Amino acid sequence: MIRFDKVTKTYPTQNRPALQNISLEIERGEFVFVIGSSGSGKSTFMRLILREERPSAGRVHVAGKDLAKLSNWKIPQLRRQIGTVFQDFRLLPNKTVEQNVAFALEVIGKSRPTIGKAVPEVLDLVGLGGKGGRFPNELSGGEQQRVAIARAFVNRPMVLIADEPTGNLDPETSVGIMKLLDRINRAGTTVVMVTHDQAIVNQMRKRVLELDSGNLVRDQSRGVYGYVR
Amino acid sequence: MRAQFVLSEIFIGLRRNLTMTVAVVVSAAVALGMLGVALLMLFQTSHMKDYWYNKVEVSVFMCTKDDATLHPATCANGQASQNQMNSLQSDLTANPLVQQVFPESQADAYARYQQQSAGSTSGTSMAQYVTPDQIPASLRVKLKNPSTENIDAMISSYQGQQGVETVSDQRTILQPLFKLFNGLTVSATTVAVVMVGLALMLIVNTVRLSAFSRRRETGIMRLVGASNFYIRLPFLMEGAVAGLGGVAVATLGVASFKFFLIDRVLAPNFTFTSFIGWDKVLVTVLILIPVGLLMAVGASALSLRKYLKV
Ligand SMILES: Nc1ncnc2c1ncn2[C@@H]1O[C@H](COP(=O)(O)OP(=O)(O)OP(=O)(O)O)[C@@H](O)[C@H]1O
Ligand SMILES: [Mg+2]
């Protein structure tokens, strides 16, 4: 589903690479944690998958496509197959929950009946049935993140990438979000999640990729956070 | 593509930056209005050049039947005879100062008068009452060297000949008009160029502000895979609507230029020539529409390339 071949990324203004010679493969349906200290290159890894950045060297393949060969006008097609969730939710404050989720379908030109059917479905899935008419500021942080997940998932992407989705939430709420992501993963969607949350990683026992100063220092299936090297 | 969605985005965008939108519309209107005036002047000049006006320096008008009483000295016999006109033409052709002679019969002159009057509102009513025999035949003369002395010499030698009603110096009559039109064209073009530059900068800046204030939306659109075109469309349409607003105001300006300056001031004071009609105003507006759209949409696109990451 996602393959990195000797990928190095050096930002123009930086002399140290943000990612260095990364090779790995993530299979369809996997759940993968990406961990590492601040500045180790986790977000850069995610941006390369989304083709928000291009590698300085090496190749990135997503869903069978070599992103280096993907022309600019085809990038939107790639992103329709990838759902994205962030720490800061990124909801539109002047739109209701329903409208926020519908927005993701409207702007890719889905028909009104399709939207009318898909939005309530996904809101039920994330446990927000009945709260579709609320505005983001009328929701708790956990609920807002559920809306963001609903928006990322409403188009049923093959991959869901989440950059510290529980970073702003308390531990209990985080567990709820993790259960939701796990459910989405079990339904067949590949999930790649960046996190600093030790408890979550230790509890879930999924594959762990650890980055350190841009190097992939650990790739362990059923891993834990505090791995002693 | 959902038209209603795009439309609402456009108007939200325009309202959010209302002051900037107004500034864009006004500057685009002035730019396009000046461009329109310059175009009208070019049309007017070529309208005048289409006939003798610019080619000849001296016009020899023959007597008409009414001149027997008005100009008894040379037109005692009324209407000049064809013989008189023929001998005058060969005389002129033989004159060493003359380069070329264009004869115009009464029928030709009448046809031209009707045609020109048809184009202009001021002449239409008069043209209905004019008959061919009231309009003089003439010999339009182009000189080899149109100096003032030569023109004076021509006038003094042909004024007073039998069958000649009057000889007029075409240049001194028309020169001020050509000067006025050229001056208007040049100054309107200058202002238009400056204002187009200003309007372009304003549009670039407005779209930049608009893109900035909507970066949250566009960021999400990008992430969920909206096409570049779809993300940019509301901004481009914002530009287009503002551009069309400019065209609309400029149209008012161009129309008032025709209505007040050409029809009310120039036409009554320069009755010997004719002025462009409303058809040319229409042509001008039809030119301004694509120019305004291109200007606004082009500047928006440029601004988006720079300020809206996709
Ligand atoms: N747009 C950019 N331009 C230049 N340098 C950048 C850019 N983005 C990230 N970097 C640098 O690249 C390195 C990796 O950054 P990245 O954002 O991937 O880290 P991270 O692992 O996500 O950190 P955090 O846990 O704090 O989010 C850092 O040194 C950072 O300063
Ligand atoms: Mg990060």
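Residue numbering restarts at 1 for every chain, and letters A, B, ... go by the order of the sequence lines. Fair warning: this is a prediction, and the values are worked out from it, not measured in the lab.
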Test log, rule salt bridge (charged side-chain N to carboxylate O under 4.0 Å, His left out), inputs A:Lys117 and A:Glu121 = CA-CA 7 Å; A:Lys117 194 165 158 303; A:Glu121 255 175 39; 3.4 Å; yes
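Heavy-atom distances place the backbone of A:Leu91, and not its side chain, under 4.5 Å from chain B. For A:Pro93, the part lying near chain B is the side chain, with the backbone staying farther off; criterion is any non-hydrogen pair under 4.5 Å. Neither the backbone nor the side chain of A:Leu78 comes within contact range of chain B; no heavy atom of the residue lies under 4.5 Å from a heavy atom of that chain.
Legend: ring-ring contact (aromatic ring centres under 6.0 Å, His included) pairs involving residues 40-80 of chain A, not counting sequence neighbours, sorted by first then second residue: A:Phe4-A:Phe45.
Of the listed residues A:Gln81, A:Arg80, A:Gln77, the one with more heavy-atom pairs under 4.5 angstrom with chain B than any other is A:Arg80.
Results of the salt bridge (charged side-chain N to carboxylate O under 4.0 Å, His left out) test with A:Asp66 over A:Arg3, A:Arg51, A:Arg59 single out A:Arg59 as the only residue that passes.
Stacking of B:Lys280 on the aromatic ring of B:Phe43 is recorded, both the 6.0 Å distance cut-off and the 45° axial limit being met.
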